[in-house]
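Quick note: numbers below take in every heavy atom, side chains included, and nothing from hydrogens, waters or symmetry partners. Counting convention: from 1, in listed order, for ligands and their atoms alike. Start at 1 with the first residue, then count along the sequence.
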Amino acid sequence: MKIAKEILEGRALTPEKALDLLVNPSYDTMDLVHEAYQLRKHYYGHKVKLNMILNAKSGICPEDCGYCGQSREMKEKQRYALISEDEITEGARVAAENEIGTYCIVMSGRGPSDKEIDHITSSVERIKAAHPQLKVCACLGLTNETQAEKLKAAGVDRYNHNLNTSENYHHEVVTTHTYEDRVNTIEIMKQNNISPCSGVICGMGESNQDIVDMAFALKEIDADSIPVNFLHPIKGTKFGSMDQLTPTRCLRILALFRLVNPTKEIRIAGGREVNLRSLQATALMVANSIFVGDYLITGGQPNQLDYEMIQDMGYEIDYGTACESEVLS
Ligand code: SF4
């Protein structure tokens, strides 16, 4: 295979070729990883970006996302209203202490109220004053133009809003908002010079073609940062007993996302530990970014294991540069 070489020479992968690479067993998984690694090394060397999530508001959500333990179907799960500004800023202090490049403030719900936006922006102003090197990503749901302007003015660097799945499969995942709603929020952020972060969740029953479509949709949207989640099934959710993924399948998916989006920050996100298992380090040959610590309502592995993994691979932490190359303004 000379796929990476061709991509570096400007010949982008076609959707047809991408599908073939994903499904054709004559392409060995480690050969695909090797091709993806050429691109990862070319654009990011041996650097790893670290991100940390704060779940600032949990549960109490009217939406019906089939993968989510905070949806309206999951009333017994952990739930709390928006936490205080002090707690949000304290989380940033912990992130800065742990060499985190990007601190991600996440809220459950369809989208923030104006009062919640004011609470978040005030917190972000405090964070930026105390830790100017720390990039801040907000993940607050569907937003409007005015809210985006306020987030930008407060210093929010990045906004996460995942496509989650393909346009074709979206109706199987959620019925209370549309694929277009999601795309619109990402476009609003781009228009306000906030770096767009958008990714997917694999393993929810989607087809191989859906996975290819997701990778190309993110290319089309021009997401700077692409979190690739692997479903960690939560009992009681629509996909609570889904079991589609193997560690090598996850590697093939990650390699595909890198080959389609060679220059982008590709993050191994939720479900990393349970789905990749002993191949987490191999996955870092493709991805250049991980979350450290816990996810929204599922636990991650102890931080120390992540730092050891990075060190064992001879990689180094890339702090403080999380959004610089991608800023749109
Ligand atoms: S993913 Fe977000 S919008 Fe969907 S149910 Fe969960 S908290 Fe609500």
Side-chain angles (χ1 to χ4, degrees), residues 51 53-83 88 91 104-117 119-120 137-144 147-148 151 156 158-167 169-189 196-206 210 214 217-218 223 225-242 267 269-272 291 294-300:
N51 301 256
I53 293 176
L54 173 81
N55 196 5
K57 176 183 169 188
S58 182
I60 327 168
C61 182
E63 304 295 289
D64 68 351
C65 305
Y67 54 86
C68 182
Q70 304 183 75
S71 73
R72 66 186 186 189
E73 321 296 337
M74 300 292 291
K75 295 189 172 51
E76 79 281 10
K77 284 282 173 186
Q78 168 194 25
R79 49 196 293 182
Y80 50 83
L82 186 55
I83 61 177
I88 295 172
C104 310
I105 304 170
V106 185
M107 271 177 47
S108 63
R110 181 180 173 85
S113 67
D114 289 343
K115 196 172 161 199
E116 286 171 332
I117 283 285
H119 188 92
I120 296 292
C137 177
C139 176
L140 315 176
L142 301 169
T143 47
N144 60 41
Q147 293 176 333
L151 292 171
V156 168
R158 174 167 279 172
Y159 196 89
N160 166 263
H161 201 56
N162 290 338
L163 290 183
N164 284 333
T165 191
S166 71
E167 183 171 12
Y169 195 65
H170 189 269
H171 66 284
E172 293 287 347
V173 175
V174 56
T175 64
T176 46
H177 57 263
T178 65
Y179 184 86
E180 289 70 30
D181 289 334
R182 290 194 162 261
V183 172
N184 285 343
T185 287
I186 298 163
E187 292 300 334
I188 287 171
M189 294 303 151
C197 170
S198 187
V200 297
I201 306 172
C202 297
M204 298 192 293
E206 71 283 344
D210 289 321
M214 294 177 211
L218 291 167
S225 171
I226 301 178
V228 179
N229 296 275
F230 298 109
L231 183 72
H232 183 168
I234 296 172
K235 209 171 159 203
T237 62
K238 178 175 181 180
F239 301 129
S241 54
M242 195 68 81
R267 182 173 321 114
R272 161 165 67 96
F291 282 116
D294 292 339
Y295 303 99
L296 290 173
I297 60 167
T298 56

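Of all atoms in ligand 1, numbered sequentially from 1 with element shown, those under 4.0 Å from a heavy atom of Gly109 are 3 (S), 7 (S), 8 (Fe). For ligand 1, the atoms closer than 4.0 angstrom to any heavy atom of Tyr67 are 1 (S).
With His161 as the partner, the side chain to side chain contact (heavy atoms under 4.5 Å, CB included) test is satisfied by one option alone out of Ile186, Val183, Thr143: Ile186.
Put simply, the side chain of Cys61 does not reach to within 4.5 Å of the side chain of Arg79, judged on heavy atoms. In this structure, Tyr179 and Asn164 have side chains that are not in contact, with every pair of non-hydrogen atoms separated by 4.5 Å or more. Two residues are said to be in side-chain contact when any heavy atoms from C-beta on lie closer than 4.5 Å; Pro227 and Asn160 meet this criterion.
When distances to atom 8 (Fe) of ligand 1 are checked against a cut-off of 2.8 Å, Cys68 contributes no N, O or S atom below that limit. Within the 2.8 Å limit, Cys61 places no N, O or S atom next to atom 4 (Fe) of ligand 1.
Judged purely by atom type and a 3.5 angstrom limit, Asn229 uses its side chain to pair as donor or acceptor with the backbone of Val200. Side chain of Ser108 to main chain of Lys57: a donor-acceptor pair is present (N/O by atom type, distance under 3.5 Å, no hydrogens or angles).
Residue Ser108 touches ligand 1 through backbone and side chain together, judged by heavy-atom distances below 4.0 Å.
Between Gly141 and ligand 1 there is no heavy-atom distance shorter than 4.0 Å.
At the top of the distance list for atom 4 (Fe) of ligand 1, counting protein heavy atoms only, stands Cys65 SG, 2.3 Å.
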